Amino acid sequence: MSTVPLSPGYSPLLPAGIADKKAAALAHIAGSARLIAVRPASRLEVRPRPEMLSTGVAELDAVAGGVPRGCLTEIYGEASSGKTSVLLATIAAATGHEESCVLIDASDSFDPTSGAAAGIDFNRLLWVRCNDRKLPLKKNDVGTRASSPALKLEQVLKATDLILQSGGFGLVVLDLAGIPEKFVRRIPLTSWFRFQRAVEHTKTALLVISEFACAQTCATVGIKFEKQPAGKQPAAISYQPSNKAGHGSEAPSHALVFENMPVQAELVRSRLERKPMKSVTTVFKSRSASLAAGFPDR
Amino acid sequence: MPFACIFVPDFPVEAILRAEPDLRSQAVVVLEGQPPLQKISAVNEDARSRGVFPGMTRLQVEGCESVAMRDRSELQESAAQRALFDCAQSFSPRVEQAAPDTVLLDLSGLGALFGPLPKIARDISHRAWEMGLEVNVAAAFTLEAALLAARGFTGVTVIPQGKEADILGSLPLEALLAGGAEAETFLQTFSRWGIRKFRELAALPEVALSERLGQRGLELQRQTRGVSARALVPSDPPLIFEEGMELEFPLVLLEPLAFVMSRMLDQLCARLQARALAAQELHLEMTLENGRAGQVAASFQRTIRLPVPLLDPRIFLKLLQLDLKSHPPGAPVAKVHLRIEPAKPRPAQNGLFIPCSPEPEKLELTLARISGIVGAGRAGSPHLLDTHRPHAFQMRHFTPPVAKNGNGGSNGSVNNNLVTALRILRPPIAVTVNLQNGRPSHIASEKRNQIAGEVLWAAGPWRSSGDWWEQDAWMRDEWDIALQEKTSIVLYRLIHNLAGGGRWMLEGAYD
């Protein structure tokens, strides 16, 4: 019985011709310095964890770690869920660390009094108040009639592009809360990708706040805010209104109404770790804006 | 003691060419006087080679092909004069403005800073070219020698010490006696004697010359020998950085206007740079034409105040463009005048660990662009006003202060200052309120269908009022309510406007 001589790299599972080619390819790789320099995927370095900005809320920082720089973070929740309170705390923390911040306010709903109570340094905050002013027509523009939210969103996207191109800001906030969902859903995915790419490898943290998740896969971190269950809502507020309210009544002051209002946050998305993340929920309480600002009852 | 002289030949033409450098390759003449009796006051070398000379009438020149004619502009000449002085001042602090087209510099002690004398002379010529002026530069060890060499020789001339008479000897006597009745008399006398060059006048015996022409004759002879008879008198003109241009035809579009402004800004920034200064404020003034022949309607002014001193003509141009885009002049522009308020440049030395902040140059452009999108006064820093009026604030220009602590990279301590924020509804939403026992029980809005439902609880009212001594006095009752909407419970601030006809409005939502 004749035996076939085994060549180096011979594999009994492959036909002789293919085995020869494989051996030749391996020999070529071994002799090529350029191909040896290519690092296999298994040895790739793990991308370093981004630097984090504090949210200003210890409980939330413990869960989410903060707001990562060079990434897009999304905060969403329905009205009165506490997302704006956390947003102001985040801006206050950033300005407290001498970072320049931008708030691009789609619905022009920022309250400077609440901001001052939260401790925001207004000297370091650029507030862009979008409105339904129509932009100047371009040459090929046929002048279609756009609705108010669409005009506001157009301004938001243009202003965001300009701000991100300018660079140098520590925190850029897109406040889309108050814009109807059907309009926010029309923001093309390419815009979110563009924003995410613009902040990548920079010191800027991009924060999007809305009433629902809209940045989709472009968001590195997603935090959802929810109200307490409906049954607990009245009990969660420290003041139980009575019919005696009014001038000269024994009702507590106006400022005390929203003391200890509960805020429930859930980390629903995080791509900071390589392993799959687990949803984590935390509950913390906010203070009354009037008391925090040191105002007496009005 | 070395001196230098910068002389601008054909100064009125050069002032025009400084503003319109495209004409430098053409024959240019400058006209003076009232039409139709205009005469040529200055020409450049190209025009001279075509047979065009000062004193000719406009009609005579119109026959020549491709000769650009411009009216004499005092504004441009004064700007060129200031530019010439700034050019000299960038080399030496002791500068004398001998004439509008001539400056003298004291170069003593500048060798260690700028190098040998020939190099300084070349650098001066180069700097003047950068500022839009083609000049003659001469360096010598006497004032008179430098002055006469700059007026007589083209380009850069350096006269070594002791060689003044030899080098100046080849100059014609016209270079010594320029204009005036006295000059004509002396030139005729010298012509009768057969003396046409400096060298010939310098060789005359002093006593005989004094007997015939007096002390003035001796003074002229000393000048031809390059002997200095006076000291340099430093000038100190006020710092004015302005450029102006009268346009041949009124401009309607912003784009051609941008070209005009770009040239002016380039010149102004070159002057600022020569003085080691930067711009703090830009003043643009334009004379508008109302469409009727020769009738000037009004002037249009814009001022751009920069938060930090800057020196970049491209940024200034973009800022002016954006400003004019949002505030168009409204009529054709006949004349442009641009003035810059100077300031000392901003010293910047950032640390490694200081949080990054936007570059002032980029930030100004970004803010101007954003203001063009959202409207003027809608992008800036909010500042609360010292009043009890609700939500009283004003927008200020965003100028982030320089970071000092350098702890921006770390998380630092968390204040936990989480306050319940109010989202303001601008403008407030008018609602219909049903009251029960004097308290809101049901709310509905005509404009927003989702705002409708039972009031789960209400806290209030809290009455506040103020400014009763003003016309816009305010008085209102505030309620904090929990409204059961279709899908969720929302906390609102409800206002009963007692001063405004008793209307109920939702002022904001707690979030």
Side-chain angles (χ1 to χ4, degrees), chain A residues 51-52 54 56-58 61 66 78-80 83-85 88-89 92 97-100 108-109 111-112 114 116-119 122-131 133 135 155 158-159 162-163 166 168-170 203 230 233-234 239 241 243 245-246 254 257-258 261 286-289 292 298, chain B residues 354-359 362-363 366 369-370 373-375 378-384 391 393 395 398 400-401 403-405 407-409 411-412 414-426 437 439 456-464 478 480 482 488-491 508-511:
Chain A
E51 204 177 310
M52 306 297 266
S54 169
V57 183
D61 281 351
E78 54 189 2
S80 300
K83 59 184 182 299
T84 308
S85 306
L88 296 190
H97 287 113
E98 301 187 331
E99 300 273 0
S100 296
D108 190 14
S109 57
D111 177 25
S114 300
F122 286 139
N123 288 321
R124 299 187 184 277
L125 175 67
L126 171 61
W127 179 24
V128 180
R129 305 171 64 191
C130 299
N131 53 12
R133 171 177 181 259
L135 296 179
Q155 290 181 359
K158 282 179 185 287
L162 288 171
I163 290 288
S166 170
F169 290 97
K203 291 264 185 183
Q233 181 73 25
Y239 168 59
N243 291 332
H254 182 52
V257 172
F258 293 114
M261 184 172 157
S286 70
R287 297 175 57 204
S288 161
R298 288 175 289 178
Chain B
I354 287 177
C356 57
S357 60
E359 292 175 31
K362 278 188 178 178
L363 181 63
T366 306
R369 286 186 171 127
I370 290 175
I373 294 171
V374 298
R378 295 190 66 86
S381 296
H383 284 267
L384 293 174
H391 314 301
F393 68 95
M395 296 291 280
F398 176 64
K404 290 175 185 171
N405 290 339
N407 60 352
N411 273 346
V414 178
N415 289 332
N416 250 354
N417 194 16
L418 186 68
V419 298
T420 305
L422 180 70
R423 295 184 70 89
I424 304 285
L425 297 166
R426 295 190 176 96
N437 297 330
R439 306 178 67 80
L456 295 181
W457 58 262
W462 291 277
R463 179 164 296 176
S464 57
E478 292 182 9
D480 292 326
S488 62
I489 300 169
V490 184
L491 308 176
Y510 291 100
D511 187 16

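Values below: all heavy atoms of this structure, side chains included; hydrogens, waters and symmetry mates excluded. Sequence lines set the chain letters: A, B, ... in the order given, protein chains first and strands last, and positions in each chain run from 1. This structure is a prediction, so every number in the text was calculated from the model and none was measured.
Proximity of B:Arg369 to A:Lys158: side-chain heavy atoms (C-beta onward) are nowhere separated by under 4.5 Å. Side-chain atoms of A:Pro112 and B:His391, non-hydrogen and from C-beta on, never get closer than 4.5 Å to each other.
Between chain B and the options A:Val128, A:Ile163, A:Leu88, A:Leu125, the largest number of non-hydrogen pairs under 4.5 Å is found for A:Leu125. For the set B:Pro382, B:Pro400, B:Ser488, B:Ala379, the count of heavy-atom pairs under 4.5 angstrom toward chain A peaks at B:Pro382.
The two residues A:Ala117 and B:Val419 come nearest to each other via the heavy atoms O-CG1, 3.9 Å. Closest heavy-atom contact between A:Cys130 and B:Arg378: O-NH2, 3.6 Å. B:Lys362 approaches A:Ser166 most closely through the heavy-atom pair CD-O, 3.5 Å. Of all heavy-atom pairs spanning A:Leu162 and B:Thr366, the tightest one is O-CG2, 3.8 Å. The two residues A:Asn123 and B:His383 come nearest to each other via the heavy atoms OD1-CE1, 3.3 Å. Summarising the geometry of B:Leu418 relative to A:Val57, their closest heavy-atom pair is CD1-CG2, 3.9 Å, with the distance given to 0.1 Å.
Looking only at distances, a side-chain donor or acceptor of A:Arg124 sits under 3.5 Å from a matching main-chain atom of B:Pro401. In terms of modelled atom types and a separation under 3.5 Å, the side chain of A:Ser80 and the main chain of B:Tyr510 share a donor-acceptor contact.
Using cut-offs of 30° and 60° for the angle between ring planes, the A:Phe169 and B:Phe398 rings count as parallel.
For B:Asp511 and A:Lys83, the salt-bridge test passes: some basic side-chain N is under 4.0 Å from an acidic carboxylate O.
Residue B:Leu422 touches chain A through both its backbone and its side chain, counting heavy-atom pairs closer than 4.5 Å.
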